[in-house]
Amino acid sequence: MTTRAEPGDDQSDPGLSAIMSERRQLINLGYRLLGSLADAEDVVQEAYARWYAMSAREQQAIESPGAWLMTVASRICLNLLGSARARRETYVGDWIPEPLPEPAEWITGRSGAGGTDPADRVTLDESVTMAFLVVLDSMTPAERVAFVLHDVFRYPFGEVAEVVGRTPAACRQLASSARRRIRSAQSPAGPSAGQAGIVRQFRTAWEAKDIDALISLLDPDATATADGGGLAVTHLHPIVGSEQIARAYAEIAHVSGDRTTFLECTVNGLPGLVTRQDGNLSTVFAFEIVDDRIRNIWAVRNPEKLRPWRIR
């Protein structure tokens, strides 16, 4: 792969500074491919371990260390995606990608912390919204890798082919198929400010257990999916329909009572909610809002997926 260098990289010297400057790019890649920050961090560690396992002469023979790391990380992700399908068969309930807080918060735990190293942030844009990641998760491993490398990271198909192990023409077809999935599953979303207002109305109606108000905010065919991973109590199957969701969520509010607080926050770059029960983080909610109605709710309760939120 050709090198996508960060400013200040000195690629003639594949030393610690130059190699570590690739961390942001590798984390960005791993999170989009795997839907898990924890797994992405493991991939980055493995890629670096393979680099430092080589002799100095072998390292110096590599023209673009950054490109080498991207290729290695991509191949590790491709292998993990293949094995993930088997692991999902034993996963309790639905699997939802790991949600991320606002980018200035998930490393330092402080909103807007000026000391946050830009190399330690995932770039939050459309390709990391929960709706986008859910569609990515429906793809085959080869489709996902080809699409993310080409359409998100702008690598040519000749270089994508080196990772996927197929011809450039085949990779072009994989990316095209992935693109069709994206187009068929997603509709244009409204401005973030407008979405924040709808999430705020949903929070208010939910706290008030106002079923009619909740129904008015939901698309008639809305879906609410939860991920507890067998480690937290939640509904095991998606709830479909605005009335069904409204009644289920009103019941949740009734059962939890005054023990639960609702907080508005940024989830994967868009307005979302966090609930705390008895002061402890319990659930992160991401929303897909289309035509001023909530089309999808994703509720992540699996404590293993909430690690970035506990340091806030």
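Keep in mind it's a predicted model, so treat the numbers as computed, not measured.
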Handout entry: Flag, side chain of Asp278 to backbone of Asn280, donor-acceptor distance under 3.5 Å
Key = no

Handout entry: side-chain contact (heavy atoms from CB on, under 4.5 Å) evaluation trace for Met70 with Leu29
Key = CA-CA 8 Å; Met70 284 289 284; Leu29 172 76; 4.1 Å; yes

Fill in the blank from the handout: Output for pair (Arg276 CZ, Arg259 CZ), nearest 0.5 Å, gives 15.0 Å

Handout entry: Trace of the side-chain contact (heavy atoms from CB on, under 4.5 Å) decision for Leu69 with Leu26
Key = CA-CA 8 Å; Leu69 286 167; Leu26 296 171; 4.1 Å; yes

Exercise for the section: Mark yes or no for whether Asp291, through its side chain, and Arg293, through its backbone, hold a donor-acceptor pair below 3.5 Å. Expected result: no

Handout entry: Flag, side chain of Thr234 to backbone of Ala226, donor-acceptor distance under 3.5 Å
Key = no

Problem - Sidechain-backbone polar pair: Ser177 side chain, Gln173 backbone, donor-acceptor under 3.5 Å - result: no

Exercise for the section: May I ask you to decide if Leu33's main-chain N or O and Arg144's side chain share a donor-acceptor pair within less than 3.5 Å? Expected result: yes

Problem - Reported CG-to-OG distance for the pair Asp292 and Ser216, which is rounded to 0.5 angstrom - result: 11.5 Å

Handout entry: Thr260 and Thr275 side chains, donor-acceptor separation under 3.5 Å
Key = no

Fill in the blank from the handout: For Ile297 and Leu218 the tightest heavy-atom approach is CD1-CD2, 4.1 Å

Practice task
Flag yes if more than 12 heavy atoms outside Arg203 fall under 6.0 Å of its CZ atom; otherwise flag no.
Solution key: yes

Problem - Stepwise side-chain contact (heavy atoms from CB on, under 4.5 Å) test for Phe157 and His150 - result: CA-CA 7 Å; Phe157 285 117; His150 180 266; 3.4 Å; yes

Practice task
Search all heavy atoms of Trp68 against all heavy atoms of Ala47 and return the closest pair with its distance.
Solution key: CZ3-O, 3.9 Å

Handout entry: Value rounded to 0.5 Å, distance of CG in Leu281 from CH2 in Trp309
Key = 8.0 Å

Problem - Modelled atom types, side-chain donor and acceptor of Arg200 and Thr204, under 3.5 Å - result: no

Handout entry: Phe202 ring center near Phe285 ring center (under 6.0 Å)
Key = no

Exercise for the section: Report yes if some heavy atom in the side chain of Leu149 is under 4.5 Å from a heavy atom in the side chain of Ser74; otherwise report no. Expected result: yes

Practice task
Given side-chain contact (heavy atoms from CB on, under 4.5 Å), test Glu143 with Arg181 step by step and report yes or no.
Solution key: CA-CA 10 Å; Glu143 278 180 330; Arg181 288 178 185 256; 3.1 Å; yes

Practice task
Taking Glu58 for its side chain and Ser55 for its backbone only, find out whether a donor-acceptor pair lies under 3.5 Å.
Solution key: yes

Handout entry: Shared hydrophobic cluster for Tyr48 and Leu34 (ILVMFWY, side-chain gaps under 4.5 Å)
Key = yes

Handout entry: Within 6.0 angstrom of Glu207 CD, more than 12 heavy atoms from elsewhere
Key = yes

Exercise for the section: Using only heavy-atom distances, determine whether the side chains of Ser83 and Arg87 contain a donor-acceptor pair under 3.5 Å. Expected result: yes

Problem - Distance in Å, Asn268 CG paired with Phe287 CZ, rounded so as to fall on 0.5 Å steps - result: 13.0 Å

Exercise for the section: Please work out which of the three classes, parallel, tilted or perpendicular, describes the rings of Phe147 and Phe132, given edges at 30° and 60°. Expected result: tilted

Exercise for the section: Mark yes or no for whether Tyr249, through its side chain, and Leu214, through its backbone, hold a donor-acceptor pair below 3.5 Å. Expected result: no

Handout entry: Glu251 with Lys209: basic N within carboxylate O range, under 4.0 Å
Key = no

Problem - Lys/Arg-Asp/Glu bridge criterion (N-O < 4.0 Å) met for Glu162, Arg75 - result: no

Exercise for the section: For Asn79, look at atom CG and say whether over 12 heavy atoms of other residues, nucleotides or ligands are found less than 6.0 Å away. Expected result: yes

Problem - Under 3.5 Å: donor-acceptor pair, side chain of Gln59, backbone of Trp51 - result: yes

Handout entry: Separation of Gln244 CD from Ile239 CD1 (nearest 0.5 Å)
Key = 9.0 Å

Practice task
Check each of Ile289, Val199, Thr266 against Pro271 using the side-chain contact (heavy atoms from CB on, under 4.5 Å) test, and report the only one that passes.
Solution key: Val199

Practice task
Evaluate the ring-ring contact (aromatic ring centres under 6.0 Å, His included) criterion for residues Trp206 and Phe262: first the C-alpha distance (whole Å), next the side-chain angles of each, then the deciding distance (0.1 Å), finally the verdict.
Solution key: CA-CA 9 Å; Trp206 191 6; Phe262 300 78; 4.7 Å; yes

Problem - Minimal non-hydrogen separation, Ala40 against Gly30, with atom names - result: CB-C, 3.5 Å

Exercise for the section: Work out which heavy atom in Ala161 is nearest to a heavy atom in Thr167; give both atom names and the distance. Expected result: CB-C, 3.9 Å

Handout entry: From Arg32, Arg24, Gln25, residue fulfilling side-chain hydrogen bond (donor to acceptor under 3.5 Å, both in side chains) relative to Asn28
Key = Arg32

Problem - Arg172 backbone acceptor or donor facing Ser176 side chain under 3.5 Å - result: no

Exercise for the section: Look at Arg301 together with Asp227 and state whether they make a salt bridge at an N to O cut-off of under 4.0 Å. Expected result: no

Practice task
Determine the minimum heavy-atom distance between Pro97 and Leu133, stating which atoms define it.
Solution key: CG-CB, 3.8 Å

Handout entry: Asp137 bridged to Arg88 by N-O distance under 4.0 Å
Key = yes

Practice task
For residues Ile96 and Ala299, report the shortest heavy-atom separation together with the two atoms involved.
Solution key: CD1-O, 3.8 Å

